[in-house]
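Naming convention: chains lettered A, B, ... in sequence-line order (proteins, then strands); numbering from 1 in each chain.
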Number of protein chains: 2
Amino acid sequence: MSETIGFIGLGNLGLPLASNLLNAGYALRVYNRTASKAEPLVAQGAQQVNRPVDAVTSGGIVVTILWGDASVESIVTSDDFLEQLGPGGIHLAMSTISPERAKKLAAMHAQHGSVYVEAPIFGGSEAAVAQQLWMPFAGPQIAKERVRPLLKAMGGQGIVDFGEEVGAATLVKLVGNFLIVSAGQSLREALSMAENNGVDPKAVLDMLTTAPTLFPTPIYQRHGKRIVEDTKAAPFRQNKIPLKDVDLFKTTAQQVESSTPIANLLSDLLRSDEARA
Amino acid sequence: MSETIGFIGLGNLGLPLASNLLNAGYALRVYNRTASKAEPLVAQGAQQVNRPVDAVTSGGIVVTILWGDASVESIVTSDDFLEQLGPGGIHLAMSTISPERAKKLAAMHAQHGSVYVEAPIFGGSEAAVAQQLWMPFAGPQIAKERVRPLLKAMGGQGIVDFGEEVGAATLVKLVGNFLIVSAGQSLREALSMAENNGVDPKAVLDMLTTAPTLFPTPIYQRHGKRIVEDTKAAPFRQNKIPLKDVDLFKTTAQQVESSTPIANLLSDLLRSDEARA
C-alpha cells in the first residue's frame, strides 16, 4: 500500500475518510481550501499541499469530497489538474453532485486520458469512523477495480456497482437523500400532530421504530429522536445539504420530465426552514 | 378459554383474526353484513348470528373490525347493542377510525356501564397468519388487562399501551399509516425518476433496502417491489384505505391546527390515482 493518494476536501466527511486511509497504510497528499483543517491528518503523517494540482500524481488516484457541482468542477479545471492526472490517472469523485455534471466531468477526463469514477457516500462522520458507509459506484470497470480497496479502507461496508456509465451512482445517491428528507419531514409532520393532540410523540416514535414491520431503521430512529426533542425545530440540523440535494433530485427528474410533486413540496419546506433559521 | 367472544367484521383482516381466536380455543359468535364470509369460521366451529346485537354477551367482550367511523357507529347504535353489552361489557374496537369518533363511542358506552377499548392493527392478513401484528391500545386499565390475552391470541406480537384515554391508540395508527403512505408515494416518485433516467429501479431499490443504515424494512421492500414491477401503477393496490386514513390524519391534525402540507399532497396524489383507477 505504498501508493500515494491525492485527497481533496477535508470537511466533516472528508476528514475521517482520509484518516481511515492513513490508518490503512496509504500515503496521502491532502489539500483543503481552509488549510488548517489538514492539521490532524498532517499529525497522522499526511503531506499537505497548497494547490489541488499538487495533490495529483501522474497516472495515480485523486479523491475529491466537496460541497457540490461547482466546487468539483472548479478543482478539475484548476491549473493543469487534468494534464497532471493524465493517462492511467483516476479521479475518484465522492461528492453529491448532479448526474449531468458527473457525465460532463467524465468526458473532460476522457479527453486527457484519465478516468472519472463516482462513489458518493451514504453515511456521516460517525458511520465513517465505524466503517459503516454505503457507496453506490459507477465508472469504467478497470478503474473501479483499482479504487475498490480504497473505498473499503475509507470505511465502505457496502460498495454497490451501478455499471460503467457515470451518473448512475450519483443518481442513486440523490434518490436516497430524497427518501431520507421525505422520511424526516413526514416524521416531523406526524409527531407534531401527535404532540398537538396531547399524545406523547416519544411514545409514538418508540412504537413505530420498534415494530419490525414498521420503521425500525436508524433513519427514522435518529431523525425521530431529534424531532421529539423539539417538534418545532427543523428536522435537519444542516438544512443546506438536504435542500441542495432535493433540488438536484428535482433538476435530474425534470430533465426527463419525471414528475416530482413530493420533491417540490420538500424543497419548499426546507427553504422555509432555512429562511427561519 | 371457554368465554364466548362476539366478533363483528369478517373482512380481509377480520377473518384471519377470528380464525386465530378459534384456534386458540375461544368460542366465537360471528357477524358479517355479507353473511357468506363467515363460512370458513363456521366450519371451524364459530356460531354465526344474523344481527350484530346477537353476537353480544351481556358483560362479555365484543370485537369489531370494520371499514371506518360510520360503520362502527352504526353497529354500536343498532338495535339494543349497548343495552345488551351492559355493565362489565367490553367493546374491543380494532377499526381505523378518527380519535374523535373513538372518544364519542367511548362516552356512549360509559352511559351504559360498558367499556370501549381501542386496539387498531398494524399488519395485514399475512402478518395475522404469521402472528406478527402490532397494536397500539388504549382504554381503562382493567378492561385492557382483560382483552390483552385476546389480542395475543389474534396474532399480536407487539401490544403497546398508550394509556387510559381512548383516542391515543387510534391516533398512533393514523400516524403510522400516514408514514407508510408517505414512504410508498416517495418511493414511487424516486424509482420513477431513476427509471426515466435509464437507471434500473430494481437495482436502486435493492441497494437502498439492503443497507442497514438506509431503508431495510418490509414497508420499503414490499412497496418498492410492487412499484418496480410497474412504476406507472399506483403504489397502493387498495387506494381507498390509504386515502381514507390520510384524510383522517388530516382531519385530526386540523382540529388542533397542526399543519399537514405532506398529508395534503398525499391525499391529492391518492385521489388522482383513485380517479384514474
(message) Can you tell me how far apart CG (N196(B)) and CD (Q255(A)) are? Round to the nearest 0.5 Å.
(response)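 The distance works out to 12.5 Å.
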(request) Please round to the nearest 0.5 Å and tell me the distance separating atom CE of M193(B) and atom OG1 of T260(A). (result)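 Answer for the CE-OG1 pair, M193(B) versus T260(A), is 9.0 Å.
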(request) Quick one: which of A211(B), S259(B), A253(B) has the most heavy-atom pairs under 4.5 Å with chain A, could you say? (result)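 Answer, by heavy-atom pair count under 4.5 Å with chain A: A211(B).
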(message) Let's test your reading of the structure: which of A203(B), A168(B), G158(B) forms the most heavy-atom pairs below 4.5 Å with chain A?
(response)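 With the most close heavy-atom pairs to chain A, the winner is A203(B).
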For atom [atom1] of [X], decide whether the heavy atoms of other residues, nucleotides or ligands shown that lie under 6.0 angstrom number more than 12.
{"X": "E165(B)", "atom1": "CD", "answer": "no"}
{"X": "K202(B)", "atom1": "NZ", "answer": "no"}
{"X": "E73(B)", "atom1": "CD", "answer": "yes"}

Is it the side chain or the backbone of [X] that comes within 4.5 Å of chain B heavy atoms, both, or neither?
{"X": "P212(A)", "answer": "both"}
{"X": "A127(A)", "answer": "neither"}
{"X": "L171(A)", "answer": "side chain"}
{"X": "V204(A)", "answer": "both"}
{"X": "T252(A)", "answer": "both"}
{"X": "I262(A)", "answer": "both"}

(message) For K152(B), give me all partners under side-chain contact (heavy atoms from CB on, under 4.5 Å), at least two apart in sequence or on another chain.
(response)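 Partners of K152(B) under the side-chain contact (heavy atoms from CB on, under 4.5 Å) test: I159(B).
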(message) Counting heavy-atom pairs under 4.5 Å with chain B, which one of V175(A), V160(A), T213(A), N197(A) comes out on top?
(response)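 That would be N197(A).
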(request) Find the one option among V172(A), V256(A), L191(A) whose heavy-atom pairs under 4.5 Å with chain B are most numerous. (result)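 Highest number of pairs under 4.5 Å: V256(A).
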If you look only at distance, which donor and acceptor atoms sit under 3.5 Å apart when one is on a side chain in residues 216-225 of chain B and the other is two or more places apart or in another chain?
| from | atom 1 | to | atom 2 | distance (Å) |
| --- | --- | --- | --- | --- |
| Y220(B) | OH | Y220(A) | OH | 2.4 |
| Q221(B) | NE2 | T209(B) | O | 3.1 |

(message) If the contact rule is any heavy atom under 4.5 Å from chain B, which residues of residues 179-189 of chain A qualify, in numerical order?
(response)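 Within residues 179-189 of chain A, the residues that come under 4.5 Å of chain B (heavy atoms only) are L179(A), I180(A), S182(A), A183(A), Q185(A), S186(A), L187(A), E189(A).
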(message) Using only non-hydrogen atoms and a strict under-4.5 angstrom cutoff, which residues of residues 129-144 of chain A touch chain B?
(response)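 Answer by number: Q132(A), W134(A), M135(A), P136(A).
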(request) Measure distances from F162(B) to the heavy atoms of chain A and classify the residue's part below 4.5 Å as side chain, backbone, both or neither. (result)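 For F162(B), the contact with chain A is made by the side chain alone.
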(request) Using a 4.5 Å cut-off on heavy atoms from C-beta on, say whether the side chain of P261(A) contacts that of L265(B). (result)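 When only atoms from C-beta onward are counted, P261(A) and L265(B) do touch, with a gap below 4.5 Å.
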